[in-house]
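Note sheet for the following structure.
Just follow the structure's listing: the first ligand is 1, and inside any ligand the first atom is 1. Please read all numbers here as calculations on a predicted model, not as lab measurements. Residues: numbered from 1 along the sequence shown.
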Amino acid sequence: MEKVLLFICTASALCVVSSLPARQYHFVYDPKNWTEAQSYCRDMFTDLATIDNMEDVETLNNMADLDSYKYRAWIGLYNNVSSWSWSMSDSGFYKDNETQLRNWAYNQPDNFQGRECCVVMVANGEWSDVPCSLPFPSVCADVKGQEVTFTYVTEEMTFPEAQSYCRANHTDLACIRNMAENQKIHKLIPAGQSTWIGLFRDCWKWVDGSNSSFTYWNTDEPGGADQYCAAAYFAASGKWADWTCEWKRASICYSAPVLKQVVRVKLKRSSFLDLDDAAVQEDLLKQLKQKLKNQGVKTSIKLSWRTQNDGKIFHNDKEQDKF
Ligand SMILES: *[C@@H]1O[C@H](CO)[C@@H](O)[C@H](O)[C@H]1NC(C)=O
Ligand SMILES: *[C@@H]1O[C@H](CO)[C@@H](O)[C@H](O)[C@H]1NC(C)=O
Ligand SMILES: *[C@@H]1O[C@H](CO)[C@@H](O)[C@H](O)[C@H]1NC(C)=O
Ligand SMILES: *[C@@H]1O[C@H](CO)[C@@H](O)[C@H](O)[C@H]1NC(C)=O
Ligand SMILES: CC(=O)N[C@H]1CO[C@H](CO)[C@@H](O)[C@@H]1O
């Protein structure tokens with residue numbers, strides 16, 4: 001989280017300096033399920049912990065209290081099995097509920113071993129979830145308005161590769177709006193072959209929106225088809241494992257550090273303004289905030305007046321000499 005250091009160079013000019021300090025972790029040992037843990041972290045801090053690199057891992061290993069029952073703690077990594085969406089998101093392409101079409105094979109999607117986040121059409125034209133890193137042929141789509149034509153691509157690629165390929169050479173991976181289109185695609189595919197279509201979902205994503213690709217899974221993790229939440233395991237150097245979200249555990253929150261800066265604001269005296277009036281004080285803060293925004297400050301800023309020992313906020317210039 002970016003923070004802003006802000007100070008006044010002269011009475012009339014505002015200077016803004018940005019810096020990027022490290023996030024601060026907080027262990028919460030009171031056991032909570034993952035959902036409760038996230039709510040708590042969002043209320044009290046910023047969110048459940050995001051872990052970006054080995055330095056973060058070391059920080060957490062040094063902080064962790066290894067008492068019994070406390071050595072596993074929730075982190076902000078979540079495998080969202082209800083986040084299916086089509087590669088082509090242009091809403092004009094779909095009518096009514098056409099994005100909702102699913103043609104899953106029996107017992108699919110099953111999120112086998114907790115890592116199946118992309119979809120292939122299997123031999124009988126039904127769909128199955130598989131790991132996105134497996135190589136398959138694919139079906140690309142060329143879209144003109146509502147018209148769509150499909151092309152089978154023999155070359156085996158991972159899902160991200162197939163998606164890039166289709167976007168470079170066609171419109172996108174095949175997105176299927178109805179069973180007639182499903183049938184058209186099925187006819188293109190050689191007998192017995194499974195191929196990528198454009199359906200995928202969020203796979204083990206940081207809930208604060210971080211796109212960090214750092215992973216530190218323990219051996220054979222993730223491994224559970226119905227374990228959507230991740231915890232760090234401090235008996236194994238803080239490595240991660242997937243767990244059932246209902247379980248109650250310690251948790252790790254983080255806060256984006258807040259930088260506090262006291263600045264002195266000099267105002268020209270105006271006989272029309274009562275500076276002891278709370279509404280006037282509030283209005284001045286609003287104006288200051290707007291001024292900062294106009295100068296390109298993009299991060300969130302909180303401004304407040306500081307009350308001095310005498311209970312007053314504003315002092316005229318002679319009194320200021322006493323600071
Ligand atoms: C999972 O995905 C669904 C659908 O996109 C979304 O509404 C929900 O908020 C997500 N859950 C979490 C915990 O991110
Ligand atoms: C979508 O619409 C079709 C046709 O109108 C209907 O048969 C189907 O039940 C709908 N599906 C959903 C998930 O609403
Ligand atoms: C991750 O997000 C940052 C900005 O937050 C962006 O600069 C970067 O390109 C993103 N990386 C990927 C792989 O999307
Ligand atoms: C967590 O606990 C809350 C409150 O007891 C409950 O409503 C919620 O369903 C639980 N969530 C999970 C994922 O277990
Ligand atoms: C047939 C064709 O145009 N293939 C191109 C598809 O896009 C890739 C780049 O992603 C090119 O290398 C291919 O030549």
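Less than 4.0 angstrom separates some heavy atom of N80 from each of these atoms of ligand 1: 1 (C), 2 (O), 3 (C), 8 (C), 10 (C), 11 (N), 12 (C), 14 (O).
Of the listed residues (N80, N79, D129), just one forms a side-chain hydrogen bond (donor to acceptor under 3.5 Å, both in side chains) with R201, and that residue is N79.
Side-chain contact between T158 and L134 is absent, with no heavy-atom pair separated by less than 4.5 Å. With contacts defined as side-chain heavy-atom distances shorter than 4.5 Å, the pair M121/H186 qualifies.
Taking the charged nitrogens against the carboxylate oxygens, K32 and D30 do have a contact shorter than 4.0 Å, which makes a salt bridge. Using a 4.0 Å cut-off between charged side-chain N and carboxylate O, D56 and R23 make a salt bridge.
When only interatomic distances are considered, the shortest N/O to N/O separation between Y78 and ligand 1 does not fall below 3.5 Å. In terms of polar-atom proximity, defined here as any N/O pair under 3.5 Å, N33 does make such a contact with ligand 4.
At a distance under 4.0 Å, no protein heavy atom can be found next to atom 7 (O) of ligand 1. Put simply, atom 2 (O) of ligand 1 has protein non-hydrogen atoms near it, under 4.0 Å away.
Ranking protein heavy atoms by distance to atom 4 (C) of ligand 4, first place goes to E36 OE2, 3.3 Å.
Heavy atoms of E246 found under 4.0 angstrom from ligand 4 belong to the backbone as well as the side chain.
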